[in-house]
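Protein chains get the first letters and strands the later ones, always in sequence-line order, with residue 1 at the start of each.
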Protein chains: 2
Amino acid sequence: MSQNDLLTPWREVMVEMVRGDQPDLSMRQWALLLTVYLTPGPHTVRRLSEDLEVPKPAISRALDALSIHGLVKRERHDADRRVVLVRKTADGSEFLDRFAEAVDASERSADLGYY
Amino acid sequence: MSQNDLLTPWREVMVEMVRGDQPDLSMRQWALLLTVYLTPGPHTVRRLSEDLEVPKPAISRALDALSIHGLVKRERHDADRRVVLVRKTADGSEFLDRFAEAVDASERSADLGYY
DNA sequence: CTTGCCTGTTTCGCTATCGAAACAGGGCGG
DNA sequence: CCGCCCTGTTTCGATAGCGAAACAGGCAAG
């Protein structure tokens with residue numbers, strides 16, 4: 001598979017992201033969102049900060065942005081109330097579903113070159 | 001293929017982008033860079049603006065940012081000197097090579113689940 | 001040459017994000 | 001209760017991005 005074929009779906013999906021329709025998230029916000037939805041929890045600010053190698057305040061700010069769009073929610077941990085658990089939301093799942101569809105469509109159309 | 005398997009490579013690559021090593025580009029800058037390298041030229045500011053559905057000044061600014069990192073260069077068109085042609089650079093090609101390797105590695109490791 | 005349109009760029013005020021440091025407050029050992 | 005360390009958040013000044021509008025300059029018709 002050529003570099004072009006490999007990267008073309010990325011281009012198409014990123015161009016779609018840029019075309020203003022969806023809420024436009026920064027790269028950190030995307031990385032954070034995908035990490036929350038695709039890796040096993042529980043997700044705390046500290047853990048996300050370490051996993052993404054990004055300072056804690058940046059995580060906190062990114063969570064603000066994602067929360068505003070309803071893509072994620074914060075919840076206090078009962079046992080240790082210092083801890084904030086980052087949870088998925090229905091809106092966020094739906095948002096990622098649409099994103100996955102866009103990725104799928106791009107990769108399928110790139111694969112057409114094989115036949 | 002589940003949504004997870006589809007999106008996991010995206011997560012991994014985006015997390016790598018975020019981990020501060022490489023120049024950190026915004027989504028628009030990525031979309032612009034990939035468009036210049038993966039779609040047939042010649043690329044002018046006007047055309048890029050229309051293709052990405054982003055206002056011209058935003059393209060101009062993004063080109064500034066990419067130029068600073070040496071990922072792209074501007075060149076006046078000889079026949080019509082109003083026009084700016086956006087060109088690939090060696091550094092940019094190398095940068096995208098590394099990016100393609102990261103994508104490839106992520107997708108391969110995700111595919112291991114099939115065997 | 002002048003007018004009008006086209007190119008891409010710059011300016012404007014504003015919002016978002018940045019890293020570093022200070023902060024508020026819960027947990028826990030003494 | 002008192003410190004101390006841990007949690008996540010907020011503040012700070014600085015930087016980067018935004019859209020809209022103004023701008024500089026090339027081109028071409030008259």
- Query: Looking for any heavy atom pair under 4.0 Å, which part of the strands does A:Ala58 touch: base, sugar-phosphate only, or nothing?
  - Reply: sugar-phosphate
- Interatomic spacing from CD in B:Glu12 to CG in A:Leu38 - rounded to 0.5 Å: 9.5 Å
- Item | Phosphate contact (C:dT7 OP1 or OP2) by B:Arg74 side-chain N/O below 4.0 Å | no
- Query: Rounded to the nearest Å, what distance is computed from the CZ atom of residue A:Arg28 to the P atom of nucleotide C:dT17?
  - Reply: 11 Å
- Note on the structure: Walking DNA chain C from its 5' end, the first of A:Ala79 and A:Val54 to be reached, judged by nearest nucleotide, is A:Val54
- Think A:Arg82 has a side-chain N or O under 4.0 angstrom from the OP1 or OP2 of C:dA24? no
- Which nucleotide in the list C:dG8, D:dG19, D:dT9 gets nearest to the side chain of A:Val84? D:dT9
- Task: May I ask you to evaluate whether A:Ser26 reaches the phosphate of C:dA16, defined as a side-chain N or O under 4.0 Å from OP1 or OP2?
- Result: no
- Atom of A:Ala65, atom of A:Gln29 and distance for their closest heavy-atom approach: CB-NE2, 3.3 Å
- What is the distance, rounded to the nearest whole Å, between atom CG of A:Asp24 and atom P of D:dG17? 13 Å
- Note on the structure: Whole-Å distance, B:Arg47 CZ to C:dT7 P, equals 13 Å
- Compute the centroid of each ring, for B:Trp30 and then for A:Trp10, and state whether the two points are separated by less than 6.0 Å. no
- Note on the structure: Regarding the side chain of B:Pro57, the nearest nucleotide among D:dG26, D:dA20, D:dG8 is D:dA20
- Query: Could you state the CZ-C1' distance from B:Arg76 to C:dG8, rounded to the nearest angstrom?
  - Reply: 6 Å
- Message: Under 4.0 Å from OP1 or OP2 of D:dA16: is there any side-chain N or O of B:Gln29 that close?
- Response: no
- Task: Establish, with yes or no, whether the OP1 or OP2 oxygen of D:dC18 is under 4.0 angstrom from a side-chain nitrogen or oxygen of B:Arg61.
- Result: yes
- Task: Check the distance between C:dG8's P and B:Leu85's CG and give it to me in whole angstrom.
- Result: 9 Å
- Message: From C-beta outward on B:Asp80, which listed nucleotide comes closest to its side chain: D:dC27, C:dG8, D:dG8?
- Response: D:dC27
- Residues A:Ala102 and A:Val13: closest non-hydrogen pair is O-CG2, 3.9 Å
- Query: Between CG of B:Asp104 and CG of A:Leu6, what distance do you get to the nearest 0.5 Å?
  - Reply: 5.0 Å
- Closest-nucleotide ordering on DNA chain C, the 5'-leading residue of A:Arg81 and B:Lys56: B:Lys56
- Task: Send over the distance from A:Trp30 CH2 to C:dT17 P, rounded to a whole Å.
- Result: 15 Å
- Query: For A:Arg19 and D:dG19, what is the distance between atoms CZ and P respectively, to the nearest whole Å?
  - Reply: 15 Å
- Item | Between P of D:dA16 and CD1 of B:Ile59, the distance in whole Å | 19 Å
